[in-house]
> 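Please see the structure below; I have some questions.
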Amino acid sequence: MAGRIARLACHRCPQRAGILPYNTTIRACPRTILRYPATEKDGNTQRFGDVQQKSLMEMEKLVSLCKRRGFLFQSSEIYGGINGFWDYGPLGVELKRNIKAAWWRDMVTAHDELAVSSGAPGTYEMTGLDCTIIMHPQVWKVSGHYDLFSDMMQTCRQCKKLMRADHVPDMLRESAWVQSFTEHCVTTDSPGSLSCETASVLSWAKTRKLGRKLAPGLAVVRNPEATLAWLTEDQKNGLQVQELSQLLTYLATEHKDQTGLQTPCPHCGGDLTEPRAFNLMFESHAGALQSEENRVFLRPETAQGIFVNFKNVVDSTRVRVPFGIAQVGKSFRNEITPRNFTFRSREFEQMEIEFFCHPDNSSAWYQYWRQRRFQWYQDLGLAGERLQLRDHDPDELSHYSTGTADIEYAFPFLPAGEFGELEGIAHRGDFDLRSHMEGKLDPDTCPLEVEKNEDGKPKYKGSGRDLTYRDDLTNERFTPHVIEPSAGADRATLAFLCEAYTEDQQPDEKGKPQTRVVMKFHPRIAPLKAAVFPLVKKDGMPEIAKDIYRALKKEFPAFYDEKGAVGRRYRRQDEAGTPYCITVDGQTLTDHTVTIRDRDSLQQWRVPVADVVEEISQRVR
């Protein structure tokens, strides 16, 4: 079977494959259908293997630099850390803060509402909000998060891994140990006929490179004789195993009289717990007592705070549709498997815009924001083949969306050729405002209708408030459509870190080529904009350097360093991503000029001391 899984299924008669006593044969109905899932060709792995290995090495170096230079730390590290939570160090907090500030300035404060932006269907206004992390629980019920963020989960009692219950069947079909078991223990006698000898099961279970290596937690591997004894006993009582999945449950059951048949773990073969609810929203309680009445949730997204304040913004300001409301804030999701550094965390920060427009123009506005957001990343240095704009296929779209595009980046920790989401731009229609007016909408209806309970009443009632908009010029009343550009501040920070990390060869003080690690951040988001060095700690150079440093500090973050050789000081600032270094030397004492060194090109030029602040300011803004 070449390592693939044969899925047994017969739809024409009740006869099924059966398990017979030791050294006998399992036979399937001649009409049993063998189905093989698609598998990747070995060539893919060979083609991308070297590239992937190089990317992983780069990622390891980046993670090491982030810890060494103070960009990122594991949360609560002195206590062993906590999975899915990260702290930003002195340089990291400045980098992330600069990214958020650039986003807010470019999207909100610097936006010119009097002129038509390039590519926009017309003029529009922008404003902002800062909403609470904890909101009324009904917000999450009508938005769908209360239902959609609950998954049934199972845990392996052997390897302790957690997995979604509805994913287990597919995971088993793709599992290495199931493929190995099928290949070594199941054979085809003739087209449409399958058999499996019990002796081969024992041989597979006891072989070091097969069952013992691939499925160490499987009951038939840990205690083969006792496990197969249950199969023999049930077969004597007339058991007929109907399909491969049922056979696997027997392989995973050691004490059937105590536990019943167990579902095996796709990872190690161990037995899984019963499915139980796992909510991706963090719960808490508002008030002194913990009860169902005062249960609240930490927000899983910032968008809902904007929707519930739509009427407040319209009534308290002079904004007219089309307009956008921006917000930057923390969100929380109890991710099952946080991984890949800060890419998938349980606490993260979002930069979101909810753009409200007339339904007739919503498609044009969607196209505008799709291109506008993609260009923003390119302007700040994410460009080339590692950044792409991908439209969702129809089967990927949410039930309320008529169009969604993801801005994606080829993170080094992903397999070669794969991209991770940086930002999603979604055409949400009127789903959100209608939900908060009428109640939770049923995703299975078209057009969307309020979801009803068994009594015919709304499952989750909306606010009952009128969230429509009346155009004071045309007197038209309508429910605005929403375009949502939703970016992750942490993922953006990680992408800029990955893109900035560079190694090159530069001569040291003795002229010998050395590997230089340099973080090539765009000057707008660089944690430090400039560093000031006195060449030596005498002859009045430190005093001049400190005056320059103090003048720069009033405008933007800067760093003063007088320790070690100047070449080593340059290297330290290269690793920090500082775009410009200013050196006070002997010539400064005679002509009052200093040397400015560019981080990327290593070019140097002299500037009068009085012009240093203006020179650097023009280059970093």
Side-chain angles (χ1 to χ4, degrees), residues 1-9 17 19 26 28 32-42 44-45 52 151-188 194-198 200-224 227-228 230-231 241-254 256 259-276 278 336-337 339-340 414-415 418:
M1 296 185 182
R4 294 177 291 172
I5 306 162
R7 188 178 181 184
L8 284 70
I19 298 180
I26 301 172
T32 296
I33 302 169
L34 299 181
R35 297 195 181 119
Y36 300 97
T39 56
E40 293 184 1
K41 296 181 179 179
D42 293 339
N44 291 339
T45 303
Q52 175 67 4
D151 292 328
M152 299 303 292
M153 309 300 300
Q154 291 179 280
T155 304
C156 175
R157 292 189 175 94
Q158 303 297 325
C159 68
K160 310 303 180 184
K161 290 185 177 180
L162 185 69
M163 60 210 78
R164 281 176 52 171
D166 59 335
H167 287 179
V168 170
D170 289 335
M171 294 172 68
L172 280 171
R173 285 193 290 271
E174 299 170 2
S175 170
W177 73 261
V178 175
Q179 292 182 3
S180 172
F181 171 79
T182 306
E183 180 179 1
H184 289 85
C185 302
V186 181
T187 58
T188 52
L194 180 145
S195 65
C196 177
E197 293 186 353
T198 309
S200 64
V201 177
L202 283 174
S203 174
W204 178 86
K206 294 181 178 181
T207 301
R208 179 178 300 176
K209 293 184 178 181
L210 298 177
R212 290 172 60 185
K213 177 182 178 181
L214 299 175
L218 192 64
V220 76
V221 173
R222 292 184 285 109
N223 194 348
T227 301
L228 290 178
W230 293 109
L231 304 178
V241 176
Q242 296 184 349
E243 54 187 17
L244 182 60
S245 60
Q246 189 175 4
L247 171 60
L248 297 180
T249 62
Y250 272 93
L251 299 181
T253 304
E254 185 176 358
K256 180 173 171 288
T259 64
L261 290 175
Q262 300 292 300
T263 302
C265 170
H267 302 286
C268 74
D271 51 316
L272 299 180
T273 62
E274 289 297 316
R276 61 191 189 279
F278 186 94
I336 300 165
T337 53
R339 60 192 183 275
N340 292 336
L414 296 175
E418 292 190 9

> Report yes if some heavy atom in the side chain of Leu172 is under 4.5 Å from a heavy atom in the side chain of Pro264; otherwise report no.
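Yes, their side chains come closer than 4.5 Å.
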> Please confirm whether Trp230 and Tyr250 have ring centers closer than 6.0 angstrom.
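So the answer is no for these two rings.
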> A side-chain contact here means heavy atoms from C-beta on lying under 4.5 Å apart; do Arg208 and Lys213 qualify?
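Contact flag for Arg208/Lys213 side chains = no.
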> In the structure I gave you, are the side-chain heavy atoms of Arg222 and Gln158 within less than 4.5 Å of one another anywhere?
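Yes, close enough: below the 4.5 Å cut-off.
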> Could you give me the CA-CA distance, side-chain angles and deciding distance for Leu202 and Leu228, then say whether side chain to side chain contact (heavy atoms under 4.5 Å, CB included) is met?
CA-CA 9 Å; Leu202 283 174; Leu228 290 178; 3.3 Å; yes
> Provide the closest heavy-atom pair for Cys156 versus Cys159 in the form atom of the first, atom of the second, distance.
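Looking at all heavy atoms of both residues, the closest pair is SG-N, 3.3 Å.
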> Are any non-hydrogen side-chain atoms of Met163 and Cys265 less than 4.5 angstrom apart?
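Contact flag for Met163/Cys265 side chains = yes.
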> Would you find a donor on one side and an acceptor on the other, under 3.5 Å apart, between the side chain of Thr273 and the backbone of Thr155?
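A pair under 3.5 Å: yes.
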> Ignoring hydrogens, what is the shortest heavy-atom contact between Trp177 and Gly269? Give both atom names and the distance.
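So the two residues come closest at NE1-N, 3.7 Å.
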> Look up atom CG in Leu218 and atom CG in Asp271, then write down how far apart they are to the nearest 0.5 Å.
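Interatomic distance, Leu218 CG to Asp271 CG, rounded to 0.5 Å: 9.5 Å.
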> Just so I know, are the side chains of Leu162 and Gln154 near enough to count as touching, which here means a heavy-atom distance under 4.5 Å?
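Sidechains of Gln154 and Leu162: no contact.
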> Check the angle between the aromatic planes of Phe181 and Trp204 and answer parallel, tilted or perpendicular using the 30° and 60° thresholds.
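Phe181 vs Trp204 ring planes: perpendicular.
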> Of the non-hydrogen atoms in Thr263 and Ala252, which two are nearest, and what is the gap between them?
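In this case the closest contact between Thr263 and Ala252 is C-CB, 4.4 Å.
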> Can you tell me if Thr253 uses its side chain to pair, donor with acceptor, with the backbone of Thr249 under 3.5 Å?
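Flag set: sc Thr253 to bb Thr249 pair under 3.5 Å.
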> Please examine the side chains of Thr207 and Arg212, heavy atoms only from C-beta on, and report whether any two atoms are closer than 4.5 Å.
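No; the side chains remain at least 4.5 Å from each other.
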> Determine whether Val220 and Val201 make a side-chain contact, defined as any pair of heavy atoms from C-beta on separated by less than 4.5 Å.
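Side-chain contact under 4.5 Å: yes.
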> May I ask you to test the Ser175-His267 pair for a side-chain heavy-atom distance under 4.5 Å?
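No - every pair of side-chain heavy atoms lies 4.5 Å or more apart.
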> What's the verdict on side-chain hydrogen bond (donor to acceptor under 3.5 Å, both in side chains) for Gln262 and Arg157, showing C-alpha distance, side-chain angles and the deciding distance?
CA-CA 11 Å; Gln262 300 292 300; Arg157 292 189 175 94; 3.2 Å; yes
> For Val168 and Pro266, work out which heavy atoms get closest and say how close.
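Result for this residue pair: O-CG, 4.2 Å.
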